[in-house]
Each structure stands twice: as C-alpha cells, then as structure tokens.
Amino acid sequence: MSKFRTALRSVLLAAMLALLSLPAVAQEKAAAKPAATASGVYYEIFVRAFYDSNDDGIGDLNGVTAKLDYIKSLGVSGIWLMPINPSPSYHGYDITDYEGINPQYGNLQDFRKLLAEAHKRGIQVVMDMVINHTSDQHPWFKAAMDPKDPHHDWYLWAKPGTDLKAVSAVGGPAWHRASNGAYYEGTFTAAMPDLNYDHPAVRKAMIEVGRFWLQQGVDGFRLDAAQHIYDDLRTDMSDPIALQKNVRWWSEYRRALEAAKPQVWLVGEVARQNPDDLTPYMGPLNTVFDFPLATQLIESVDQERNLGIGGGLEYSFAAFRKHANGEFDDAPFLSNHDQQRVMSQLDGNILHMRLAAELLLTLPGHPFIYYGEELGMQGSKPDEDIREPMRWYRNGKGQGTASWKDWSSGDDATVSVQAQDADPASLLNLYRKLIGWRQQVSALRDGVLHDVPAADPHVLAYMLQDAQSRVLVVHNLSREPRVFELGSDAHVASVLLQTEEGAVLAGGKLSLPPYATVILQ
C-alpha cells in the first residue's frame with residue numbers, strides 16, 4: 001500500500017508541476033475545463049416558474065439556489081437561466097437595464113450567491129443575453145426619440161422610400177410608429193426595437209455588457225435571436241450579405257469576450273431547419289441549438305422509424321468540424337420555452353417520451369433539457385402555457401411552488417418530483433440514468449459519430465469514438481422486439497449499458513426489447 005501511495009503522490013506532483021508550467025491563459029483554460037466525468041448536459045430554467053423562495057408567487061434566484069441539489073442530482077453540467085434582467089414583461093425578452101437584476105427575482109447579491117453555490121457543485125451558469133433588441137422602455141430608446149440625441153442612431157429608423165409594410169423575418173410587421181411620429185424597426189414586436197449594429201457605440205456597449213456579467217462569474221451566454229442581428233426582414237433570410245455581417249459581428253463578440261475570459265462558452269439561437277444554415281455560425285460561436293435535429297428526433301419517435309438521423313448527423317457534424325477548424329460542439333434539444341413541450345408533441349405517450357430522452361442523451365455535444373421535461377410536463381401554446389410552474393409536489397401545491405399562473409395541461413399527480421424521485425422506473429430516473437451514462441462513457445459526450453446503416457427501418461445505430469472510448473449505440477424505435485445484425489466491422493464484444501433488461505448479443509446479432517437503447521463495447 002505504501003508503494004501505491006508513493007506512486008500516486010508522484011503522479012499528482014507531476015500533474016501539478018505540468019499545470020504550473022503552462023502560460024497563465026493556458027492554466028486558466030485547464031482549470032476551467034469540465035472534469036472528465038462531466039455529462040455536458042445543460043438544464044434550461046425559467047426563473048419565474050421554477051421555485052419561489054419568498055412566497056410572493058414568483059420564482060426567484062434564491063429559489064434556484066435552493067434547488068441546486070435537485071439540479072445536481074440530475075447530473076447536469078450547467079444551467080441556462082432565461083432572462084433575469086429588469087423588463088416590463090413576464091418573460092423578460094425586452095430588457096430595460098442590461099446590468100441589472102429583475103427585482104421580482106432578487107438582486108445582484110442573490111445572483112452572486114447563486115453563482116457561488118452552483119460552482120461549488122460543479123454546475124456552470126449560462127445567462128440569456130438578449131442584445132438583438134432592447135425594450136421600448138429602455139432609457140436608450142426613450143432618448144432616441146430625439147433625433148439630436150446620440151442614442152437616436154443606436155436604432156434603425158425608416159428613411160424616405162422605406163417599405164413600411166415590409167414583413168419581418170419572423171412574419172410580423174417590421175416597422176412600427178414611435179411616439180415622435182417616425183418609424184423604427186422591430187423584428188419581433190413594437191415593444192422590442194432593433195439595435196443598429198452598424199453603429200460602433202452599440203457594438204462596444206454590448207461587448208461591455210458581456211464583460212460585466214463575466215466579471216460577476218457567469219460561465220457563458222445563450223445568445224437570443226443570434227441570426228437576427230442583421231437578418232431582420234423576410235427578404236434578408238437568404239441574403240448572403242446579412243449572413244456575412246451576422247458572422248462578422250459574432251466573431252468580433254467572441255474574440256472580445258475571450259480576451260476577458262478565455263473559457264467563455266457561447267451558444268446561439270439560430271432557428272433554422274436546414275443544417276447547412278447552422279454551419280456558418282460554428283467557429284464564430286462555440287455552438288448553436290440544433291433545431292433541425294430536434295424536429296427529426298421527435299418525428300422519428302412519433303413515427304417509430306429511423307428518418308435518416310445517423311447519416312444526416314454524420315454529414316452535419318463533419319461540416320461543423322470543418323468550418324470550426326476541427327473543433328466540434330453541438331447543442332441538441334427536444335423542446336424549449338418557445339415550443340410546445342415535447343410530451344405534448346408526442347400526445348402524452350410516455351413510452352415515446354422515454355425513447356426521445358434516450359435519443360437525445362446518447363448524442364455527442366451539449367444536450368439541453370427544458371425544466372419539467374424530465375418529469376413529462378405537458379404544455380401547448382400560447383407561450384405562457386409552456387412556461388408554467390415547475391411541478392414539485394403530487395398535489396400540485398406546496399412550499400416553493402410558483403403561482404404566477406396556474407397549470408393548463410391537466411398533468412396528474414404522477415408528473416411531479418415528489419412522485420418520481422424515489423421510483424426507479426420513473427421518467428425522472430431515466431433521465432438521471434442516461435445523464436449518468438454520459439459521465440461514464442466519454443464517447444457519448446465527445447465522440448465522432450459514424451452512421452451504422454440498419455436494414456430495419458425501426459432501428460437506429462451509430463458508432464461514437466473518442467480518444468478514451470469507442471461504443472456502438474443501437475436504438476429500437478418500435479413497440480416490437482427487433483433484431484439488429486452487426487456487420488463484420490462492428491468490433492463490439494459485449495453489452496455495456498441498456499435501458500431495458502433483455503438485450504442479448506450473440507452470433508453477430510443484437511436482440512432488442514421494445515423501445516430499448518443499448519450501448520455496446
């Protein structure tokens with residue numbers, strides 16, 4: 001035993017010396033790199049709906065802090081907080097103070113406490129950064145009503161000949177009349193006037209906002225409406241100049257923030273359904289949300305068929321790596337705060353919900369889970385009804401339950417943390433199991449994906465390989481048992497992990513129970 005301890009001390013000492021010999025920036029990157037056992041999964045939280053610490057009906061930052069142990073129990077590596085800045089709206093996507101905290105959620109001290117407690121648990125914190133537009137109540141926009149004020153040029157104003165009936169990139173009116181009689185551009189709504197990113201002062205101001213939050217200890221940003229910095233009108237959606245200007249801005253933004261914090265992580269919202277539209281943003285940003293994949297995953301689960309997921313991902317991921325100089329990071333998800341909840345998209349089918357989770361959490365990159373998804377919460381439009389209070393208790397009510405609105409989905413007592421926490425067969429514990437797999441098998445997080453064609457259209461298979469591990473992932477997408485014949489080049493010897501007992505590997509064939517996911521090594 002003493003020899004072992006001596007050898008261990010030598011190894012640790014060598015590792016410490018190697019770290020200390022790195023340049024200062026390299027040391028910071030090495031220290032900030034997630035541990036080898038990190039899952040890479042992120043958990044999206046609408047603070048208003050999550051946990052109410054002061055019994056005023058509104059979830060708050062101290063409520064998130066109070067539930068960090070629950071979040072830690074999921075095995076996630078980080079959380080994404082929807083907007084926490086002051087805003088006149090319930091959702092917060094029209095900001096009035098970029099360096100402030102919504103007083104309904106708490107204050108800067110509360111936020112710093114959340115950051116400290118999250119980091120103690122190895123949980124990173126990503127803030128929503130909403131900088132395509134401000135609120136029409138922002139002091140900048142109020143000052144901009146005066147054409148002589150410097151802030152006037154921070155926004156986009158109609159000129160002689162402007163088509164005031166133009167349709168915005170998201171389908172509504174692009175131009176809105178201000179109180180001074182002039183027309184301004186607002187891609188989303190009149191309450192959200194677009195900023196003018198051709199103005200150097202705007203670019204500088206937004207970089208300073210990012211630096212401010214990095215100084216507080218934030219680990220990264222989810223960049224709202226990343227494609228709409230210049231993609232404002234419907235006619236801009238296929239405009240290469242608008243795309244080029246978007247990419248140029250985000251490249252500038254990333255360089256500036258990395259100068260302040262080298263390991264800052266940036267994930268962009270580029271809501272396009274063609275994977276080729278995502279590729280240009282790989283490199284300027286660390287990654288973007290994979291909207292095309294979300295659609296394909298849900299459709300494949302709903303139809304119980306392989307709709308070409310493996311081949312499509314192999315092509316897309318290769319393009320992402322090439323464009324990002326060999327780096328790769330994807331951000332798959334099933335649904336978010338702008339979409340019908342995935343359980344509702346799947347018509348409440350719990351078996352399909354479980355299968356969707358299995359697909360999501362066995363793909364490389366940084367999967368995102370929307371709060372309550374791990375319980376099977378339902379929710380359909382309008383937006384308020386997909387952002388409802390987190391269900392902590394069987395009876396729906398109890399300490400910390402937000403009450404800013406009531407539930408509309410009709411979920412029963414089984415859709416709650418209290419009901420599912422100790423049930424090994426629950427959806428919640430399936431999520432924990434799958435996330436745990438990612439901690440156990442590095443290829444599930446970091447592996448290069450190679451499609452493995454299956455003759456059976458109800459089977460999806462792909463190989464994942466990184467420097468530490470190589471696994472074959474096989475999904476039975478159907479309600480019937482399936483047999484998957486392994487090719488001679490599969491080079492797998494045993495079943496490593498399985499979601500449903502009963503998978504058998506023998507004679508070059510894998511027998512799969514219904515809706516089962518199996519990891520072979």
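As the structure is a prediction and not an experimental result, all values here were calculated from the model. Computed from heavy atoms alone, side chains included, the values below leave out hydrogens, waters and symmetry copies.
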(message) I want to check something: taking the side chain as every heavy atom from C-beta on, are Leu346 and Val301 in contact at a cut-off of under 4.5 Å?
(response) yes
(request) Could you tell me whether the side chain of Glu269 reaches within less than 4.5 Å of the side chain of Val288, counting heavy atoms only? (result) no
(message) Please check if the number of heavy atoms outside Asn274 that lie under 6.0 Å from its CG is greater than 12.
(response) yes
(message) On a heavy-atom basis, which atom in Asn85 and which in Tyr98 lie closest, and how many Å separate them?
(response) ND2-O, 3.4 Å
(message) Please check: side-chain N/O of Asp219 versus main-chain N/O of Val125, any donor-acceptor pairing under 3.5 Å?
(response) yes
(request) Taking the side chain as every heavy atom from C-beta outward, state whether Ile369 and Tyr431 have any atom pair closer than 4.5 Å. (result) yes
(request) Return the minimal non-hydrogen interatomic distance between Asp224 and Tyr93, and the atom names on each side. (result) OD1-CE2, 3.5 Å
(request) Grab the two heavy atoms, one from Gln340 and one from Gln345, that are nearest each other, plus how far apart they are. (result) O-NE2, 2.8 Å
(request) From the options Asp446, Val473, Thr362, select the one residue that forms a side-chain contact (heavy atoms from CB on, under 4.5 Å) with Leu464. (result) Val473
(message) I'd like to know whether the aromatic ring centres of Phe333 and Tyr370 sit less than 6.0 Å apart in this structure.
(response) no
(message) Any side-chain to backbone donor/acceptor pair from Glu373 onto Val342? Under 3.5 Å, distance only.
(response) no
(message) Give me the atom names and distance for the closest heavy-atom approach of Tyr253 to Ile131.
(response) CE1-CD1, 4.1 Å
(message) Taking Lys142 first and then Asp136, would you say they form a salt bridge - that is, a charged N and a carboxylate O separated by under 4.0 Å?
(response) no
(request) Using modelled atom types only, decide if a donor and an acceptor are shared between the side chain of His138 and the backbone of Thr134 within a distance under 3.5 Å. (result) no
(request) List in chain and number order the residues that pass ring-ring contact (aromatic ring centres under 6.0 Å, His included) with Tyr70, two or more places apart in sequence or in another chain; answer none if no residue qualifies. (result) Trp392
(message) Between Lys381 and Asp383, does any side-chain N to carboxylate O distance fall below 4.0 Å?
(response) yes
(message) Taking the ring of Tyr155 and the ring of Tyr184, is the distance between their centroids below 6.0 Å?
(response) no
(request) Could you tell me which non-hydrogen atom of Met377 sits nearest to which non-hydrogen atom of Pro389, and how far apart they are? (result) CE-O, 3.5 Å
(message) Ring centres under 6.0 Å, that's the criterion: do Tyr230 and Trp250 meet it?
(response) no
(request) Give the C-alpha distance, both sets of side-chain angles, the deciding distance and a yes or no for side chain to side chain contact (heavy atoms under 4.5 Å, CB included) between Asn286 and His366. (result) CA-CA 11 Å; Asn286 293 98; His366 287 89; over 6 Å; no
(message) Quick check: closest heavy atoms across Val47 and Leu61, and the distance to 0.1 Å?
(response) CG1-N, 3.9 Å
(request) Would you indicate whether the side-chain heavy atoms of Ile350 and Leu427 approach each other to under 4.5 Å? (result) yes
(message) I'd like to know if the side chain of Asn429 and the backbone of Asp423 have a donor-acceptor N/O pair within less than 3.5 Å.
(response) yes
(request) Start with the C-alpha gap between Ser469 and Asp466, add the side-chain angles, then the distance that decides, and say whether side chain to side chain donor-acceptor pair (under 3.5 Å) holds. (result) CA-CA 6 Å; Ser469 58; Asp466 69 353; 3.2 Å; yes
(request) Indicate yes or no for a side-chain donor-acceptor contact from Arg254 to the backbone of Gly283 under 3.5 Å, with no hydrogens or angles considered. (result) yes
(message) Ring-plane angle category for Trp404 and Tyr90, please: parallel below 30°, perpendicular beyond 60°, tilted otherwise.
(response) parallel
(request) Let me see the working for Thr517 and Asn476 under side chain to side chain contact (heavy atoms under 4.5 Å, CB included), right down to the final yes or no. (result) CA-CA 6 Å; Thr517 292; Asn476 178 0; over 6 Å; no
(request) Give a yes or no on whether the ring-centroid distance for Phe46 and His337 is below 6.0 angstrom. (result) no
(request) Find the distance between OG1 (Thr187) and CD (Gln227) and round it off to the nearest 0.5 Å. (result) 10.0 Å
(message) Could you tell me if the side chain of Phe320 sits less than 4.5 Å from the side chain of Glu327, heavy atoms only?
(response) no
(request) Could you tell me whether Arg211 and Glu208 make a salt bridge, using a distance below 4.0 angstrom between a side-chain N and a carboxylate O? (result) yes
(message) Do the side chains of Lys405 and Asp385 get close enough for a salt bridge, i.e. N-O under 4.0 angstrom?
(response) yes
(request) Verify whether one side chain among Gln124 and Ser77 offers a donor that lies under 3.5 Å from an acceptor in the other. (result) no
(message) I want to check something: taking the side chain as every heavy atom from C-beta on, are Ile519 and Gln498 in contact at a cut-off of under 4.5 Å?
(response) no
(message) If you take the centroid of each ring, where Trp contributes its six-membered ring, are Phe289 and Trp80 closer together than 6.0 Å?
(response) yes
(request) Determine the interplanar angle of the Phe50 and Tyr43 rings, folded into 0 to 90°, and report it as parallel if under 30°, tilted if 30 to 60°, perpendicular if over 60°. (result) perpendicular
(message) Does this structure show an ion pair linking Asp290 with Arg272, if we count only N-O contacts that are shorter than 4.0 Å?
(response) no
(message) Can you tell whether the side chains of Arg387 and Asp338 come within less than 4.0 Å, N to carboxylate O?
(response) yes
(message) Suppose we call two aromatic rings close when their centres sit under 6.0 Å apart. Are Tyr197 and Trp249 close by that rule?
(response) yes
(message) Evaluate Thr287 against Tyr281 for side chain to side chain donor-acceptor pair (under 3.5 Å), listing each step before the verdict.
(response) CA-CA 7 Å; Thr287 187; Tyr281 291 89; over 6 Å; no
(message) Could you go through Asn306 and His475, starting from their C-alpha distance and side-chain angles, then the distance that decides it, and tell me whether this counts as side chain to side chain donor-acceptor pair (under 3.5 Å)?
(response) CA-CA 9 Å; Asn306 180 1; His475 302 280; over 6 Å; no
(message) Taking the side chain as everything from C-beta on, heavy atoms only, tell me whether Tyr462 gets closer than 4.5 Å to Leu313.
(response) no
(message) side chain to side chain contact (heavy atoms under 4.5 Å, CB included), that's the test. Do Gln263 and Lys261 meet it? Break it down for me.
(response) CA-CA 6 Å; Gln263 72 276 23; Lys261 187 171 188 174; 3.5 Å; yes
(message) Using a 6.0 Å cut-off, check whether atom CD of Gln399 has over 12 heavy atoms from anything other than its own residue.
(response) no
(message) Given the ring of Tyr51, does Arg391 sit roughly above its face, with NZ or CZ under 6.0 Å from the centre of the six-membered ring and within 45° of the axis?
(response) no
(request) List the steps, then state whether side chain to side chain donor-acceptor pair (under 3.5 Å) holds for His352 with Glu304. (result) CA-CA 8 Å; His352 282 178; Glu304 299 191 357; 2.7 Å; yes
(request) Could you tell me whether the side chain of Gln418 and the main chain of Arg394 form a donor-acceptor pair under 3.5 Å? (result) yes
(message) With a 4.0 Å cut-off on N to O distance, would you call Asp421 and Arg432 a salt bridge?
(response) yes
(request) Kindly say whether Gly186 contributes a backbone atom to a donor-acceptor pair with the side chain of Asp194 at under 3.5 angstrom? (result) no
(request) Tell me, with the steps shown, if Lys120 and Glu117 meet salt bridge (charged side-chain N to carboxylate O under 4.0 Å, His left out). (result) CA-CA 5 Å; Lys120 283 181 186 177; Glu117 292 298 322; 3.1 Å; yes
(request) State whether the side chain of Gln420 and the backbone N or O of Thr414 hold a donor-acceptor pair below 3.5 Å, judged by distance alone. (result) yes
(request) For Ser344 and Gln378, indicate whether the former's side chain and the latter's backbone hold a donor-acceptor pair under 3.5 Å. (result) no
(message) Please check this pair: side chain of His176 against backbone of Pro173, looking for a donor-acceptor N/O pair closer than 3.5 Å.
(response) yes
(request) Evaluate the side-chain proximity of Asp232 to Ser168: yes if any heavy-atom separation is below 4.5 Å, no if none is. (result) no
(request) Check the pair Leu266, Arg222 against side chain to side chain contact (heavy atoms under 4.5 Å, CB included), reporting the backbone distance first and the verdict last. (result) CA-CA 6 Å; Leu266 304 176; Arg222 178 264 184 184; over 6 Å; no
